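Worksheet: one structure, shown below.
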Number of protein chains: 2
Amino acid sequence: MSIAAVERETGLPKDTLRVWERRYGFPRPERDPRGERLYPEDQIARLRTVKRLMDRGMRPGRLLALDADALMALAEESSGDAPPRSALHDLALFLLKTHQAGELRRELVQVLMRDGVSRFVLETAAPLARQVGDAWARGELQVHEEHLLSEVLQAVLRQAIAQLGAPAGPPLILLTTLPDERHGLGLLMAEAIATLEGARCVSLGTQTPLHDIVAAAIAQNADIVALSLSSNATPAQTVESLRLLRAQLPPAIGLWCGGAGAGRIKRLGKGLRVIGELAELGAALDDWRATGVAARG
Amino acid sequence: MSIAAVERETGLPKDTLRVWERRYGFPRPERDPRGERLYPEDQIARLRTVKRLMDRGMRPGRLLALDADALMALAEESSGDAPPRSALHDLALFLLKTHQAGELRRELVQVLMRDGVSRFVLETAAPLARQVGDAWARGELQVHEEHLLSEVLQAVLRQAIAQLGAPAGPPLILLTTLPDERHGLGLLMAEAIATLEGARCVSLGTQTPLHDIVAAAIAQNADIVALSLSSNATPAQTVESLRLLRAQLPPAIGLWCGGAGAGRIKRLGKGLRVIGELAELGAALDDWRATGVAARG
DNA sequence: TATACAGTTTTGTCCAGGACAAATATGAGA
DNA sequence: TCTCATATTTGTCCTGGACAAAACTGTATA
């Protein structure tokens with residue numbers, strides 16, 4: 001497997017793979033006749049484990065010094081501390097592990113009907129997404145099971161949004177994610193809440209280049225650009241993107257961001273509103289309306 | 001703007017940007033105090049145009065030798081040859097350009113109700129997606145407008161799939177895309193058609209690592225893994241991925257692929273079925289059922 | 001006139017090994 | 001126990017060279 005394929009598989013950049021090899025002696029791929037790296041399957045598996053433990057906060061220097069057995073032992077051990085869960089989350093995780101996608105979907109739709117859109121998003125969907133992310137980091141759940149939940153939740157949420165109908169606004173909110181952010185679930189949850197609060201929402205989906213976010217915001221005459229920041233990108237990259245975006249966006253257009261990755265950002269520039277929790281979105285919209293059009297020019 | 005940011009913005013890899021600079025003298029970024037490249041906005045805009053023309057089939061050597069004016073002239077000129085369209089497509093493109101997302105959605109839902117799912121997908125959604133892609137390549141449509149159509153079509157299609165209900169199968173089809181493929185529209189269209197034909201579909205969404213496609217196929221006990229290949233990735237990369245996937249997947253599980261990128265692949269290995277057009281999917285499913293379980297082991 | 005083939009050019013991706021600053025950990029003093 | 005300064009770790013960037021796959025060219029054949 002070539003270095004490009006390993007980058008796609010594991011998410012570890014080529015530069016990082018090469019510098020690890022130089023510094024820590026792992027991975028130690030074979031070479032093809034051209035001298036290019038060829039990674040055997042067992043080293044890729046080990047890299048996957050390393051990545052998973054790094055997402056739990058561990059540092060590569062220690063992990064890469066470990067041999068395969070010690071690494072597996074560490075992965076096992078660190079999966080011990082499971083957080084408390086509700087009965088519904090237990091059921092959802094069980095259905096996910098046994099791959100009963102249809103059943104899971106029915107269960108979630110039932111909760112949606114019982115609790116309504118707002119409670120469903122805040123009390124069921126958001127905590128579930130978080131717990132599944134944690135379970136993945138602990139190695140309890142595989143990536144494809146996380147993908148599956150994301151897909152099922154997306155179907156349920158889109159159905160809910162469609163049934164809400166389109167409010168007249170204002171504000172008009174443009175929703176999307178930065179180019180390196182692949183997770184679209186937070187976006188959909190925000191869209192559901194905002195639509196419920198009477199805001200008109202236009203979503204561009206995930207991974208929109210900055211230039212096109214700006215172009216869309218101007219073309220649509222949006223009041224607010226809302227970004228969902230998840231956990232993948234480095235804080236430095238995210239801060240740079242937000243800075244560029246704020247600079248290119250007309251000052252009258254608000255820039256809001258939320259999601260798991262929003263909390264990590266410390267040096268947030270001016271003209272940027274951070275929504276720490278989805279539950280705050282409603283209050284933020286009230287604020288926006290209270291401030292009045294005049295104050296915003 | 002750093003080289004990493006330009007890669008995110010334009011989709012051109014860092015290595016390519018550096019080698020272009022060395023060979024053709026463009027782009028010619030400034031340097032920060034550390035000696036790192038800083039790309040000014042006008043060069044990024046020019047790179048965007050180059051990328052767009054390259055997606056139309058032109059070669060970088062010529063494009064990069066042109067100055068800014070000649071490049072713009074070429075871009076204008078090449079946008080001249082528009083293909084024939086139907087009245088509906090004209091209307092859809094008009095609504096897209098004037099950013100009337102809600103109206104577009106209503107229009108599409110109406111066509112869906114009138115024609116049924118199958119005709120809607122084959123005669124409306126698929127040609128529309130293709131034409132919008134072409135219009136983007138010609139520079140008539142901006143990226144965000146393409147994103148918007150994708151989002152609206154996704155909403156409509158998911159609604160249609162939800163209303164179809166879940167068939168019992170067989171076959172059980174696992175749908176997803178390769179890790180570097182971000183377009184999920186083809187996937188959804190395939191899911192709609194296959195569901196309509198009585199196949200049970202489980203979608204993992206876009207960008208699943210190969211290892212997890214295999215794990216999911218085995219865990220779900222799938223009969224077929226269906227991939228949607230769009231236009232972005234290099235043929236060589238795609239072929240490598242398909243070869244690896246075929247090797248890791250149990251032989252009894254079929255590997256099917258379709259989409260705009262499937263046509264470009266020439267050296268397709270054994271055990272791989274290419275669906276040239278969405279309309280062939282139904283016939284392929286009939287084939288699969290006719291072949292019988294025994295023959296597949 | 002159209003098609004198949006061989007030779008040439010173009011082009012993207014890989015390599016090595018060095019460098020540096022941002023992020024993180026560690027230890028000293030209040 | 002907390003705060004701040006220092007040391008270590010770590011990812012990303014740099015240069016300039018290399019090579020094979022892909023694309024284009026022109027020639028020979030049906």
Side-chain angles (χ1 to χ4, degrees), chain A residues 1-8 10-39 47 50-51 53-65 180 232-241 243 264-267, chain B residues 1-8 10-39 47 50-51 53-65 180 232-241 243 264-267:
Chain A
M1 217 171 190
S2 69
I3 194 168
V6 175
E7 173 171 13
R8 286 194 298 267
T10 63
L12 297 164
K14 297 193 245 293
D15 271 334
T16 301
L17 289 169
R18 282 194 276 254
V19 88
W20 281 3
E21 184 181 341
R22 203 195 313 166
R23 285 190 188 141
Y24 312 112
F26 184 86
R28 197 185 292 272
E30 294 161 26
R31 299 293 177 134
D32 75 359
R34 281 183 248 170
E36 301 191 352
R37 290 172 176 79
L38 283 182
Y39 293 81
L47 285 170
V50 168
K51 179 82 190 319
L53 290 171
M54 280 176 62
D55 287 339
R56 293 271 294 165
M58 299 193 189
R59 303 191 70 181
R62 303 189 179 192
L63 297 172
L64 292 166
D180 45 2
N232 288 330
T234 22
Q237 273 183 4
T238 308
V239 170
E240 189 193 1
S241 293
R243 194 178 48 74
R264 298 190 188 175
I265 297 170
K266 303 187 176 174
R267 293 192 49 204
Chain B
M1 220 172 188
S2 70
I3 194 170
V6 175
E7 173 171 15
R8 286 194 299 268
T10 63
L12 297 164
K14 299 195 230 329
D15 271 334
T16 302
L17 289 169
R18 282 193 277 252
V19 89
W20 281 3
E21 184 179 341
R22 205 195 311 167
R23 284 191 188 139
Y24 312 112
F26 184 86
R28 196 187 290 275
E30 295 162 26
R31 300 293 177 132
D32 74 0
R34 282 182 248 171
E36 300 192 354
R37 290 171 175 80
L38 282 182
Y39 293 82
L47 285 170
V50 168
K51 179 81 190 320
L53 290 171
M54 280 178 61
D55 287 339
R56 293 271 293 165
M58 300 193 188
R59 303 191 67 179
R62 303 188 179 192
L63 297 172
L64 292 167
D180 45 3
N232 289 330
T234 330
Q237 274 184 3
T238 308
V239 170
E240 189 193 2
S241 292
R243 194 178 49 72
R264 299 189 187 176
I265 298 171
K266 304 188 175 174
R267 295 192 46 205

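Quantities reported herein were computed from a predicted structural model and do not represent experimental measurements. Side-chain atoms are counted along with the backbone in the values below, which use heavy atoms only and exclude waters and symmetry mates. Here is how names work: the chains are called A, B, and so on, in the same order as the sequence lines, proteins then strands, and each is numbered from 1.
With D:dC13, D:dT15, C:dC14 as the choices, the nucleotide that has an atom nearest any side-chain atom of B:Glu36 turns out to be D:dC13. Ranking C:dT13, D:dC13, C:dA21 by closeness to the B:Ile3 side chain, first place goes to D:dC13.
Look at B:Arg62 and you won't find any side-chain N or O under 4.0 angstrom from OP1 or OP2 of C:dT11. Using a 4.0 Å cut-off, some side-chain N or O of A:Thr16 falls inside it from OP1 or OP2 of D:dT12. Of the side-chain N and O atoms in A:Lys14, one or more sit less than 4.0 angstrom from OP1 or OP2 of C:dC14. Listed pair A:Arg37 / C:dA16 meets the phosphate criterion, a side-chain N or O lying under 4.0 Å from OP1 or OP2.
For DNA chain C, the neighbouring residues in residues 20-29 of chain B, judged by any heavy atom under 4.0 Å, are B:Trp20, B:Arg23, B:Tyr24.
One interatomic measurement links the two molecules: CZ of A:Arg8 to C1' of C:dC14, which rounds to 14 Å at whole-angstrom precision. As a whole-Å value, the separation of A:Asp15 CG from D:dC14 C1' is 10 Å. The CD atom of B:Glu7 sits 12 Å away from the P atom of D:dC14 (whole-angstrom rounding). The CZ atom of A:Arg34 sits 14 Å away from the P atom of C:dA16 (whole-angstrom rounding). Separating the CZ atom of B:Arg31 from the C1' atom of C:dC20 is a distance of 15 Å, rounded to the nearest angstrom. A:Asp32 places its CG atom 10 Å from the P atom of D:dA21, with the value rounded to the nearest Å. Nucleotide C:dA21 holds its C1' atom 14 Å from the CD atom of A:Glu240, rounded to whole Å. The distance between atom CG of B:Leu17 and atom C1' of C:dT13, rounded to the nearest whole Å, is 13 Å.
When atom types are taken as modelled, the side chain of B:Thr234 and the backbone of B:Gln237 share no donor-acceptor pair closer than 3.5 angstrom.
At a threshold of 4.0 angstrom between heavy atoms, the contacts of B:Arg18 include nucleobase atoms, whether or not backbone atoms are also involved.
When each of A:Ser2 and A:Gly57 is assigned the nucleotide of DNA chain C bearing its nearest heavy atom, the one mapping closer to the 5' terminus is A:Ser2.
The two residues B:Val50 and B:Leu63 have their closest heavy-atom pair at O-CD1, 3.8 Å. In terms of heavy atoms, B:Pro13 sits closest to B:Glu7 at CA-OE2, 3.7 Å. When all heavy atoms of A:Leu12 and A:Leu17 are compared, the closest pair comes out as O-CD1, 3.8 Å. For A:Ala5 against A:Met1, the heavy-atom pair with the smallest separation is CB-CG, 3.6 Å. Across all their heavy atoms, B:Glu21 and B:Pro27 have their closest contact at CG-O, 3.2 Å. The heavy-atom pair separating B:Pro60 from B:Trp20 by the smallest distance is CB-CZ2, 3.8 Å.
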What pairs of nitrogen or oxygen atoms, one from the protein and one from nucleotides 7-9 of chain C, lie under 3.5 Å apart?
none

Is there a side-chain contact (heavy atoms from CB on, under 4.5 Å) between A:Arg8 and B:Glu240? Walk through the geometry before answering. CA-CA 12 Å; A:Arg8 286 194 298 267; B:Glu240 189 193 2; 4.0 Å; yes

Please walk me through it: do A:Met54 and A:Arg59 pass side-chain contact (heavy atoms from CB on, under 4.5 Å)? CA-CA 6 Å; A:Met54 280 176 62; A:Arg59 303 191 70 181; over 6 Å; no

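Helix-axis bend for the helix from C:dT1-D:dA30 to C:dA30-D:dT1: the local axis fitted to the five terminal pairs at one end deviates from that at the other end by 40°, rounded to 10°.
You'll find the side chain of B:Arg37 reaches within 4.5 Å of the side chain of B:Arg31, heavy atoms only.
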